[in-house]
Amino acid sequence: MTIIRKASAFEILNHWVLAASFFILAISGFGFLFHLEQLNAVFGSFNVMKDVHNYAGLVFTASLILTIFHYLPVSLKFGADDIAWFLKGGGYLSKKAKVPPQDELNAGQKLYYIVILLSGLAIAASGFAVWLRPQVPDIRKLVVLSHLVHNIAFDLMIIAVPLHIYLATLANPGTLRIMITGTVPLEWAKKRHAKWVQRIGY
Amino acid sequence: MTNHWIDFKNADVILVMGANPAENHPVSMKWIMKAREKGAKLIVVDPRFTRTAAKADIYAQMRSGTDIAFLGGMINYILSNNLYFKDYVVNYTNASFLVNPDFKGPGELNGVFSGYDDKARKYDKKTWSYQMDERGIAKKDPALQDPNCAFQLLKKHYSRYTLDKVSSITGTPKEKLIEVYKTYASTGKPNRAGTELYAMGWTQHTVGTQNIRAMSIIQLLLGNMGVAGGGINALRGASNVQGSTDHGLLFHILPGYLPVPSAAVVDLKTYIEKFTPKAKDPKSVNWWGNRPKYITSYLKAIYGDNATTENDFGYSYLPKLDEGMNCSWLMLFDRMFKGKFEGFFVWGQNPACSSGNAGKVRKALSKLKWMVNVTLFDDETGSFWRGPDADPKKIQTEVFQLPVTTIAEKEGSVTNSGRLAQWRYRVIEPIGESKPDSEIINELYFRIKRLYQKQGGKFPEPIMNLTWNYGEKDASGKVRKVNTHDVAKEINGYYLEDLKVGKKGHLCTNFVTLQADGTTSCGNWIYSGSYTEKDDKVVNMMARRGKKDIGGLGLYPEWAWAWPLNRKIIYNRASVDLNGNPWDPKRAVIKWNPNKPDPKTKKTAPGWDGDVPDGPAPPMADEKAGKYPFIMRADGMGAIFGPGLADGPFPEHYEPLECPLSENPMSKKQRINPTIKLFYTKEGGLPEDVFLSGDTRYPYVATTYRVTEHWQTGVLTRHLPWQLEMMPQQFVEISKELAAEKGIENGSKVIVSSARGKVWAIAWVTDRFKPFKVMNTTVHQVGLPWCYGWQHPEDGSGGDSSNLLTPTIGDANTMIPESKAFMVNVEKA
Amino acid sequence: MARKALLISPELCIGCRGCQTACKSWNRLPATKTVNKGSAENPPDLTPNLYNKIRYVEMPSNSNTVRWLFVSQRCMHCDDAGCIKICPAPGALFKTKEGAVGFDKDKCIGCKLCVAGCPFDVPRYDEKDKVSKCHLCSDRIAEGLMPACAKTCPTGAIAYGDRDAIIGKAQKAGYQKLYGQTDLGGLGIMYAFKDTPKVYGMDESPAIPETIVFWHKVLKPLAYWGLGGAAAVSLLHYLVIGPKKDEGGE
């Protein structure tokens with residue numbers, strides 16, 4: 001069985017950094033939202049949790065920026081394949097559905113990228129605004145706005161990320177290994193990213 | 001106060017003039033607001049729109065130092081519109097008394113009354129007298145028509161105070177004057193009461209006493225004396241000013257307002273003859289006729305067994321003034337400045353900031369050999385030698401600082417403005433080396449006594465013969481710890497023999513039981529009854545805390561104890577008609593009850609209900625036993641005509657020593673009060689005493705005041721960071737108009753200067769001051785507080801006392817410095 | 001327990017600031033070094049060490065020399081408190097049984113969201129970044145004492161009592177509607193204004209910022225509905241359609 005490389009070590013590392021920081025942020029974020037004092041068992045106190053949340057945010061942001069720049073060239077190229085992919089519902093709507101051959105990333109993945117790009121940047125920027133309280137004429141307005149943005153972005157993410165996890169695991173067995181070993185069987189790749197496989201010379 | 005704090009709630013109209021209760025007596029506003037809730041009108045007359053003015057129904061702006069013009073206009077208004085309370089005026093005042101036909105007023109004599117000697121700057125009061133009948137009683141015209149009766153003279157005198165004239169002097173618009181006059185004069189009806197509240201805004205003028213006299217006349221005309229919600233009420237500037245004045249704080253009075261004798265009053269007999277007024281009219285109570293009892297009991301209290309009939313009860317031990325000697329504040333510091341004092345005890349005060357012309361005081365202190373500063377914190381006085389213009393190398397004064405306790409660290413009585421003596425308890429032990437005042441005095445006394453014992457000296461008797469039974473004594477005879485209760489008991493007095501009124505060794509019931517033969521002692525007759533015995537039990541009346549009221553008037557007779565005799569409203573016999581029925585039944589202070597049951601025998605014993613009356617005598621209508629209401633006056637009458645004062649029987653408007661006008665609009669020849677002592681004359685004087693009136697270099701009227709956030713010179717409050725936070729720095733309030741003229745911005749630093757000194761201040765550019773239209777010219781006024789000093793905050797950020805600007809001049813009667821009206825300049829710093 | 005409240009009557013306030021000092025005294029708040037900037041109002045604004053301040057409003061008047069108003073400014077103890085609503089730290093801001101909005105510095109995480117959530121710009125942060133504001137002397141009132149400011153006020157301009165009783169009294173005194181009577185679920189500090197609130201430096205209709213209400217009503221529930229929904233959709237998909245199979249894909 002031919003194994004081909006789908007993700008670099010950097011990509012894997014960055015993905016998990018981003019994911020880990022996201023989980024910390026999301027869990028503590030839920031804690032803040034719903035006053036989950038049970039989390040004190042993990043963090044010790046809300047004060048510590050706030051610091052963890054803030055610094056995890058820093059890590060998340062750094063990782064997010066790397067992610068954004070790394071996938072920028074491939075993610076924002078939309079073409080006929082993507083439209084076709086969408087029209088077929090990504091092949092998820094029935095067992096028999098078939099999607100046309102895709103390049104390195106399919107339209108769903110690109111969409112996810114965009115959602116993460118937008119909500120990630122928004123949540124990071126608004127988070128920093130609340131945390132660092134820049135010198136502006138009306139800080140209260142800025143904080144109110146940031147609070148809104150932070151929460152909208154959070155809601156987007158909290159919907160998108162579980163779907164991403166599902167699609168990358170149960171829905172598509174074999175996908176997860178990309179983010180572990182960085183490699184996939186050629187056959188697996190051909191089925192999902194035929195054009196990419198072709199482009200890189202298989 | 002004739003009335004008391006709570007009584008303000010009973011008023012229909014409250015005139016605040018010469019005071020600023022919201023800022024300086026905040027608690028009094030509780031009662032003022034209660035009155036307003038019931039529909040009373042609050043009138044504030046002040047050069048500046050104060051925090052009190054902010055609560056007023058009517059606010060009238062008036063140039064500093066023109067109160068008599070303002071009030072004179074009101075008298076004129078009341079008389080010409082027949083708004084006075086006729087029954088009251090005829091029966092209870094001397095309005096009907098016929099005055100010597102030779103008496104002339106300033107309208108006829110170019111600004112002075114008859115009898116003026118311009119060399120001595122004094123009046124010969126011969127013509128200020130009454131026409132007497134064969135019994136020696138003043139002749140009267142109850143119709144008030146005789147041209148020489150006090151009423152007609154009053155009318156004539158104040159007819160000159162027309163609205164136009166008053167407005168041109170005070171700068172108050174005519175409509176405002178009418179509004180104030182009309183509102184206040186509405187209390188001339190039996191069922192209406194008006195009260196007046198004043199403080200230093202009236203007393204600190206060269207015409208201070210006459211300011212109050214003018215209001216007394218108004219209150220008598222309107223029948224407002226003696227009634228609930230009426231009276232003339234001095235708001236004292238400190239919690240115990242009343243108490244300390246009662247106990248002989250001033251140089252010319254012994255405790256209980258007994259005069260300090262001069263050297264010419266050689267013995268007790270002469271003293272009694274000179275100071276005991278006689279009344280020929282049998283209806284006059286003439287309470288001061290009891291003077292012999294009070295002075296004798298006082299001597300017995302202070303010299304004890306050493307006061308005997310043989311030695312004139314130790315009268316010769318009393319300090320005497322030289323003939324005509326005045327030891328008031330300004331005179332003392334003038335003498336000190338001239339090097340005539342060796343030492344000085346500064347006790348609970350900060351003259352380097354509080355005194356009029358404080359700059360002179362600061363220099364005067366440097367002429368001393370030693371000074372003892374008894375204080376809570378170091379202050380500008382204690383540290384004068386290192387002050388802004390002082391050179392410590394050249395100053396030889398040795399300064400001792402004695403730390404004294406706060407009120408929380410000592411026990412004793414405090415007498416408020418309403419004459420209410422309230423007992424206070426010690427909360428904590430004195431901190432550090434501080435001692436209560438009484439302990440410091442105790443130490444001093446025994447040390448001085450020991451020195452006399454060891455070294456002898458001239459005239460040791462006054463010290464050696466003093467009684468000092470204030471607690472347990474050690475082997476040397478020294479009191480170990482002063483027991484304040486023993487002091488209070490001595491003030492109340494004891495029976496020294498078995499008498500009809502009480503047994504030997506027991507506390508006096510009250511001053512009615514005092515004797516003139518040395519069989520009673522009493523340290524201060526007006527406080528007799530404050531620490532007494534009831535059913536053989538000793539009772540500290542001042543410590544009582546009963547909350548029962550009478551008639552809803554807020555008299556609370558069981559709460560602490562007010563002098564005299566727990567009487568809450570003095571001259572209350574004037575609150576009833578001739579038959580003893582209250583003028584206003586809804587506000588009955590006292591009421592004659594012919595069917596009053598005796599509490600013991602249950603038999604009918606006619607008497608008074610309500611407040612403690614001014615004597616038990618039946619109402620005035622009682623031909624045989626009825627008495628006049630004003631019992632402290634020899635003639636028993638309220639004084640419309642008041643010959644007792646130095647500067648005239650009727651108040652006359654004179655300009656302040658420093659004013660913006662070149663002449664007095666009332667009488668061109670006499671600009672200032674003709675009887676004030678001038679420290680700087682045409683012949684010259686000390687440069688420190690210089691004054692410049694109508695001088696273009698100092699064109700703005702200025703006044704000084706306190707702020708709520710600081711107390712007096714601020715020694716206590718500048719050390720309290722919370723207070724300093726609210727009022728951190730000296731400021732001067734100026735009108736927007738003047739600020740625009742001088743290019744001064746709000747919040748900027750300016751220099752305020754007078755002929756005597758200068759201070760920096762932060763400008764408060766505000767509508768609270770407005771330019772006045774005075775004699776057709778625009779006059780600007782500014783004002784600044786006197787609560788700051790260079791010594792604290794230590795970085796000098798607070799500024800310095802505005803008393804560096806005020807002049808050396810005092811009232812003609814009291815010598816209280818005129819710090820409420822003087823001239824300054826204001827420039828950008 | 002009946003909800004407690006303060007009624008502030010600027011008509012009765014004489015601007016003496018006894019309340020300002022009493023508050024500092026009871027709460028042991030240090031003073032700050034201030035300068036005189038041309039007004040009696042000092043410190044110029046609420047600080048972490050100044051829970052209650054008298055605002056001095058000087059304005060022109062047609063009938064008088066000037067109009068000078070004194071208004072106590074402090075936490076309003078809203079029933080529907082924006083600060084509590086937005087606060088992410090449980091117990092940092094809370095309602096006492098008397099209805100006061102209390103705070104617990106130990107639990108405060110210093111995020112300052114309450115500053116944004118407050119319609120009256122009240123919460124301040126101390127040097128340790130902990131929330132600081134008037135708490136209606138919750139320690140005193142829990143013991144049946146009145147707040148230090150009300151205790152000190154000489155004129156009754158700050159009156160303390162049961163909220164309903166206070167409203168009743170004010171209505172008897174002729175105040176048809178108090179400021180804060182119904183705003184934000186009813187404030188714990190109500191004002192007897194004789195003029196429009198604006199004159200006294202107050203917002204005509206104070207409200208929690210709309211976005212915070214939106215967040216509270218929509219975004220916050222959406223967070224768990226969203227998470228749950230995404231999980232549920234995934235599960236459903238897995239059960240109904242199932243994963244993509246690799247076999248037979250040729």
Side-chain angles (χ1 to χ4, degrees), chain A residues 26 29-37 45-51 53-54 91-95 97-98 130-131 133 139-152 154-167 169-175 185 187-188 190-192, chain C residues 82 86-92 105-119 121 123 125 129-130 208-216 218-250:
Chain A
F30 257 97
F32 291 131
L33 264 185
F34 300 105
H35 289 183
L36 305 177
E37 289 183 81
S45 73
F46 268 62
N47 267 295
V48 175
M49 191 162 89
K50 183 198 78 172
D51 287 338
H53 188 87
N54 285 351
Y92 292 108
L93 297 179
S94 77
K95 277 183 183 166
K98 284 268 191 288
V130 172
W131 181 13
R133 298 172 71 84
I139 181 65
R140 292 172 65 212
K141 263 200 186 131
L142 180 70
V143 170
V144 168
L145 180 70
S146 301
H147 180 257
L148 178 72
V149 170
H150 205 68
N151 279 281
I152 293 173
F154 180 61
D155 281 355
L156 276 176
M157 283 181 151
I158 211 67
I159 294 166
V161 172
L163 294 176
H164 166 70
I165 295 168
Y166 171 65
L167 293 171
T169 55
L170 292 176
N172 290 288
T175 313
E187 286 310 305
W188 183 95
K190 278 184 174 165
K191 281 183 188 128
R192 285 166 175 78
Chain C
I86 199 170
C87 177
K105 289 201 180 205
D106 288 338
K107 291 191 172 153
C108 172
I109 60 171
C111 69
K112 303 192 178 75
L113 282 175
C114 53
V115 177
C118 173
D121 187 21
Y125 276 72
D129 243 358
K130 301 290 182 183
I208 301 172
E210 280 162 20
T211 64
I212 292 173
V213 176
F214 173 71
W215 159 77
H216 189 75
V218 178
L219 295 180
K220 202 167 138 178
L222 188 60
Y224 63 81
W225 286 118
L227 176 64
V233 165
S234 301
L235 185 67
L236 198 68
H237 182 264
Y238 187 77
L239 294 175
V240 175
I241 298 172
K244 283 201 177 169
K245 297 274 171 20
D246 276 355
E247 58 272 356
E250 245 70 9

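Lettering of chains follows the sequences in order, A, B, ..., and the numbering in each one begins at 1.
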- [ ] Assess whether atom NZ of A/K141 is packed by more than 12 heavy atoms of other residues, nucleotides or ligands within 6.0 Å.
- [x] no
- [ ] Quick one: which of A/I159, A/I139, A/L156, A/V48 has the most heavy-atom pairs under 4.5 Å with chain C, could you say?
- [x] A/I159
Open item on the list: Keeping A/H35 on the side-chain end and C/C87 on the backbone end, is there a donor-acceptor pair under 3.5 Å?
Closed with: yes
Task: Distance-minimising heavy-atom pair for A/R140 and C/V115 - done: NE-O, 3.1 Å
Task: C/H237 and A/Y166 side chains, donor-acceptor separation under 3.5 Å - done: yes
TODO: Please look at A/I165 and chain C and tell me whether the side chain, the backbone, both or neither of the residue comes under 4.5 angstrom of a heavy atom of that chain.
DONE: neither
Open item on the list: Can you give me the closest heavy-atom contact between A/L148 and C/L219, atom names plus distance?
Closed with: CD1-CD1, 3.8 Å
Task: Which atom of C/I241 lies closest to which atom of A/Y92, heavy atoms considered - done: CD1-O, 3.1 Å
Open item on the list: Are C/F214 and A/N151 packed together at the side-chain level, in the sense that at least one heavy-atom pair is separated by less than 4.5 angstrom?
Closed with: no
TODO: Kindly indicate whether the side chain of A/L170, heavy atoms from C-beta on, has any atom under 4.5 Å from the side chain of C/P243.
DONE: no
TODO: Can you tell which part of C/Y224 gets under 4.5 Å to a heavy atom of chain A, answering side chain, backbone, both or neither?
DONE: both
Side-chain atoms of residues 226-233 of chain C: list all donor-acceptor pairs with protein atoms under 3.5 Å, sequence neighbours left out, distances to 0.1 Å.
none

TODO: Could you tell me which non-hydrogen atom of C/A223 sits nearest to which non-hydrogen atom of A/I158, and how far apart they are?
DONE: O-CG2, 3.5 Å
TODO: Write down the atom of A/F46, the atom of C/P90, and the distance for their closest heavy-atom approach.
DONE: CE2-CD, 3.1 Å
TODO: With a 4.5 angstrom heavy-atom cut-off, could you sort out which part of C/D106 is near chain A: side chain, backbone, both or neither?
DONE: backbone
Task: Set of residues satisfying ring pair (Phe, Tyr, Trp, His ring centres under 6.0 Å) with respect to A/F30, sequence neighbours excluded - done: A/F34, A/F154
Open item on the list: If you compare all heavy atoms of C/S234 against all heavy atoms of A/P162, which two are closest, and at what distance to 0.1 Å?
Closed with: OG-O, 4.2 Å
Open item on the list: Would you say that A/L145 contacts C/T211 through its side chain, given a criterion of any heavy-atom pair below 4.5 Å between the two side chains?
Closed with: no
